[in-house]
Amino acid sequence: VQLVESGGGLVQPGGSLRLSCAASGFTVSRYHMSWVRQSPGKAREGVAGIGTGGVSRVADSVKGRFTITKPWGKTIVHLQMNSLKPEDTAMYYCAASKGACYGKLGYGLGLRDFTYWGQGTQVTVS
């Protein structure tokens, strides 16, 4: 099983980045896919999730700025991030869960909330 994130980097405030997560080794269509971020000293925060039927949700902290997409039939998930702020600086992880992802938004997530995790990609807004 692999979840490989890409697209992170350094961007100025107000800028945009598009993260991608390439999934393999499991039946991706049967899993809900999420993006979770964590910065040093802070708890994990679920920022976006997309269900097996394609319905997506984002956390209040990123609403109107972030969008999660998963092209139909593809095993890749994107996180489009616009109007980035310094507080968006974090390591961003792609994660897969059997259970619904819509309750996995915001703080308080544990490693066991998801079945599979990627290694993460760093996003720095400065």
>> Let's go through Val11 and Thr124 carefully: what are the C-alpha distance in whole Å and the side-chain angles of both, what is the deciding distance for side chain to side chain contact (heavy atoms under 4.5 Å, CB included) to 0.1 Å, and is it a yes or a no?
In response: CA-CA 6 Å; Val11 63; Thr124 302; over 6 Å; no
>> Between Ser126 and Leu10, does the side chain to side chain contact (heavy atoms under 4.5 Å, CB included) criterion hold? Intermediate values first, please.
In response: CA-CA 7 Å; Ser126 177; Leu10 174 64; 4.2 Å; yes
Does [X] [atom1] have over 12 foreign heavy atoms under 6.0 Å away?
{"X": "Glu87", "atom1": "CD", "answer": "yes"}
{"X": "Gln2", "atom1": "CD", "answer": "no"}
{"X": "Lys74", "atom1": "NZ", "answer": "no"}

Side chain of [X], backbone of [Y]: donor and acceptor closer than 3.5 Å?
{"X": "Thr27", "Y": "Ser29", "answer": "no"}
{"X": "Thr121", "Y": "Gly8", "answer": "yes"}
{"X": "Glu5", "Y": "Cys94", "answer": "yes"}
{"X": "Trp35", "Y": "Ala95", "answer": "no"}
{"X": "Lys70", "Y": "Ile76", "answer": "no"}

> So Ser16 and Gln80, side-chain hydrogen bond (donor to acceptor under 3.5 Å, both in side chains) or not? Walk me through it.
Replying inline: CA-CA 8 Å; Ser16 298; Gln80 178 67 42; 4.5 Å; no
Sub-4.5 Å side-chain heavy-atom contact between [X] and [Y]:
{"X": "Leu17", "Y": "Tyr92", "value": "no"}
{"X": "Phe66", "Y": "Leu84", "value": "yes"}
{"X": "Val28", "Y": "Phe26", "value": "yes"}
{"X": "Gln119", "Y": "Leu3", "value": "no"}
{"X": "Lys85", "Y": "Val125", "value": "no"}
{"X": "Ile68", "Y": "Val77", "value": "yes"}
{"X": "Pro86", "Y": "Pro13", "value": "yes"}
{"X": "Arg18", "Y": "Met81", "value": "no"}

> Is Val62 linked to Leu79 within one hydrophobic cluster, defined over Ile, Leu, Val, Met, Phe, Trp and Tyr using a side-chain heavy-atom separation of less than 4.5 Å?
Replying inline: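 Linked within one cluster.
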> Can you get from Leu111 to Val36 by hopping between Ile, Leu, Val, Met, Phe, Trp and Tyr side chains that sit under 4.5 Å apart?
Replying inline: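 Hydrophobic grouping puts Leu111 with Val36.
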Give the minimum heavy-atom separation between [X] and [Y], together with the two atoms involved.
{"X": "Gly51", "Y": "Cys101", "answer": "N-SG, 3.9 Å"}
{"X": "Asp113", "Y": "Lys104", "answer": "O-NZ, 3.1 Å"}
{"X": "Gln38", "Y": "Arg44", "answer": "OE1-CG, 3.5 Å"}
{"X": "Phe114", "Y": "Ser97", "answer": "CD2-CB, 3.7 Å"}

> When rounded to the nearest 0.5 angstrom, what is the spacing between CZ in Arg57 and CG in Leu105?
Replying inline: 9.0 Å
> CE of Met33 to NE2 of His78: how many Å apart, nearest 0.5 Å?
Replying inline: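 These two atoms lie 11.5 Å from each other.
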> Do Tyr116 and Tyr31 make the cut of ring centroids closer than 6.0 angstrom?
Replying inline: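 That pair passes the under 6.0 Å test.
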> Would you call Asp88-Arg65 a salt bridge at under 4.0 Å N-O?
Replying inline: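 Salt bridge flag = yes for Arg65 with Asp88.
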>> Let's go through Arg30 and Lys98 carefully: what are the C-alpha distance in whole Å and the side-chain angles of both, what is the deciding distance for side chain to side chain contact (heavy atoms under 4.5 Å, CB included) to 0.1 Å, and is it a yes or a no?
In response: CA-CA 7 Å; Arg30 295 180 182 177; Lys98 270 284 194 177; 4.1 Å; yes
>> Run the side chain to side chain contact (heavy atoms under 4.5 Å, CB included) test on Ser61 and Glu45 for me, step by step, so that the C-alpha distance in whole Å, both residues' side-chain angles and the decisive distance to 0.1 Å come before the verdict.
In response: CA-CA 10 Å; Ser61 60; Glu45 181 188 15; 2.7 Å; yes
